[in-house]
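Since the structure comes first, as structure tokens, the remarks are kept for the end.
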Amino acid sequence: MQLCLREKKTKEYSYYQEFIEVSAMGVAAAKLMTSILNDYNLETLEARLKELHEIEHAADQKKHEMMSYLYSDFLPPLEREDIINLAGELDTTIDTIEDTLIHIDIYQIKEITPEMLKFMDIIEKSALSLDEAINDLKNFKKSKVIKDAIIAINRLEKRGDSLYTRSVKKLFVEQKDALATMATTNIYDRFERATDSFEAAANVIETIVLKNS
């Protein structure tokens, strides 16, 4: 009886739907992070970090569940390697957002700089573009949405690189406190990694499209 239930459940399982749900969590994480930074309060930061961690934990659970199904799935809709890579990269986008806020808390950053808000604008737009691509992934063989989303993410990543360079240079020109400079530079590093993570996820999607075209 257990075997029958397992087979039925596996049949009804949709990797595409799971990708959509994890991607939506990425959008939620980006929007929450934006809200936290726009209404920044160091005293309540630890509690807000727990909110973000709940999203990250839910995404982790989704990824582990997907890997569990993949072990026993004889005919997945995409190559196993592609499913594993995309699941991992989607999870990483959320991890990097959380990691950034963790380090803001570790360094007890007192004020959010305009550059941090600009990074978050890039990250949130990247999350929304990635979400568009993921929602149309099932139609990847004929999707124009995916192509446009990948182009948008690549452009946003380049904006993130440029912002990182300008932001760090500005710190070393204007900042007099060495400890504050080090801490803020580290935060900018985390933001830049987050922008890179969305491009990495987009690259996996592009690989899937090219391999199956």
Side-chain angles (χ1 to χ4, degrees), residues 23 25-40 45 49 52 55-56 85-86 88-136 144-210:
S23 179
M25 291 175 189
V27 173
K31 287 183 177 295
L32 177 58
M33 179 75 161
T34 298
S35 173
I36 292 168
L37 297 188
N38 277 319
D39 189 26
Y40 187 70
L45 182 56
L49 184 53
L52 188 54
I55 298 174
E56 187 277 333
N85 288 341
L86 185 53
E89 295 299 348
L90 286 176
D91 187 55
T92 298
T93 62
I94 301 171
D95 287 345
T96 56
I97 292 172
E98 184 193 28
D99 184 60
T100 303
L101 193 59
I102 286 171
H103 280 79
I104 288 173
D105 181 47
I106 287 173
Y107 289 115
Q108 290 288 283
I109 299 297
K110 292 181 173 53
E111 292 184 0
I112 298 303
T113 66
E115 288 77 16
M116 292 179 191
L117 295 178
K118 288 176 184 176
F119 270 118
M120 270 319 302
D121 180 61
I122 291 170
I123 290 166
E124 188 172 331
K125 286 175 179 174
S126 297
L128 289 167
S129 291
L130 182 60
D131 193 54
E132 288 179 3
I134 290 295
N135 272 273
D136 207 37
K144 186 176 184 297
V145 171
I146 292 176
K147 181 181 178 182
D148 290 345
I150 289 172
I151 290 171
I153 291 167
N154 288 338
R155 285 175 179 164
L156 287 163
E157 193 276 335
K158 285 182 174 61
R159 277 180 55 193
D161 284 346
S162 178
L163 176 60
Y164 174 79
T165 302
R166 295 195 313 272
S167 300
V168 174
K169 181 178 179 180
K170 181 182 175 184
L171 267 182
F172 280 86
V173 169
E174 298 179 359
Q175 182 62 260
K176 305 303 180 186
D177 186 326
L179 272 180
T181 300
M182 181 205 72
T184 308
T185 300
N186 194 295
I187 299 303
Y188 289 164
D189 285 343
R190 306 287 162 172
F191 275 115
E192 201 266 340
R193 290 179 198 178
T195 63
D196 286 348
S197 72
F198 285 96
E199 185 180 48
N203 288 342
V204 174
I205 295 173
E206 188 171 40
T207 298
I208 291 170
V209 173
L210 292 173

Under the rule for side-chain hydrogen bond (donor to acceptor under 3.5 Å, both in side chains), what residues qualify as partners of [X], not counting sequence neighbours?
X	value
Thr96	Ser197
Thr93	none
Thr184	none
Asp196	none

Go through the steps to decide whether Leu90 and Ile134 satisfy the test side chain to side chain contact (heavy atoms under 4.5 Å, CB included), and finish with yes or no.
-> CA-CA 10 Å; Leu90 286 176; Ile134 290 295; 4.1 Å; yes
Not counting sequence neighbours, which residues clear side chain to side chain contact (heavy atoms under 4.5 Å, CB included) with [X]? List them please.
X	answer
Leu179	Asp177, Met182
Ala29	Leu52, Ile55, Ile94, Ile97
Gln108	Leu42, Asp105

[X]: what forms a salt bridge (charged side-chain N to carboxylate O under 4.0 Å, His left out) with it, not counting sequence neighbours?
X	result
Glu124	Lys31
Lys170	Glu115
Asp95	none

For the atom pair [atom1] ([X]) and [atom2] ([Y]), what is the distance rounded to the nearest 0.5 Å?
X	Y	atom1	atom2	value
Leu32	Leu49	CG	CG	9.5 Å
Glu56	Asp91	CD	CG	6.0 Å
Leu130	Ser23	CG	OG	4.5 Å

Side chain to side chain contact (heavy atoms under 4.5 Å, CB included) between Phe172 and Thr185, intermediate numbers included | CA-CA 9 Å; Phe172 280 86; Thr185 300; 3.7 Å; yes
Tell me, do [X] and [Y] make a side-chain contact under 4.5 Å, heavy atoms counted?
X	Y	result
Ile104	Ile36	no
Ile123	Thr34	no
Leu45	Ile109	no

Residues 186-195, side-chain donor-acceptor partners within the protein, below 3.5 Å, at least two apart:
unit_1, atom_1, unit_2, atom_2, d
Asn186, OD1, Arg190, NE, 3.1
Asn186, ND2, Tyr107, OH, 3.2
Tyr188, OH, Thr113, OG1, 3.0
Asp189, OD1, Tyr164, OH, 2.3
Arg190, NH1, Asp99, OD2, 2.8
Arg190, NH2, His103, NE2, 3.3
Thr195, OG1, Glu192, O, 2.7

Please tabulate, one pair per line, all N/O donor-acceptor pairs under 3.5 Å involving side-chain atoms of residues 144-161, not counting sequence neighbours.
unit_1, atom_1, unit_2, atom_2, d
Lys144, NZ, Asp148, OD2, 2.9
Asn154, ND2, Ile150, O, 3.3

Between Asp131 and Ala127, is there a donor-acceptor pair closer than 3.5 Å when you use the side chain of the first and the backbone of the second?
->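 Not at all, since once roles are kept as given, no pair shorter than 3.5 Å links the two residues.
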Which atoms form the tightest heavy-atom contact between Ala200 and Glu89, and what is the distance?
->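 For Ala200 versus Glu89, the nearest heavy atoms are CB-OE1, 3.5 Å.
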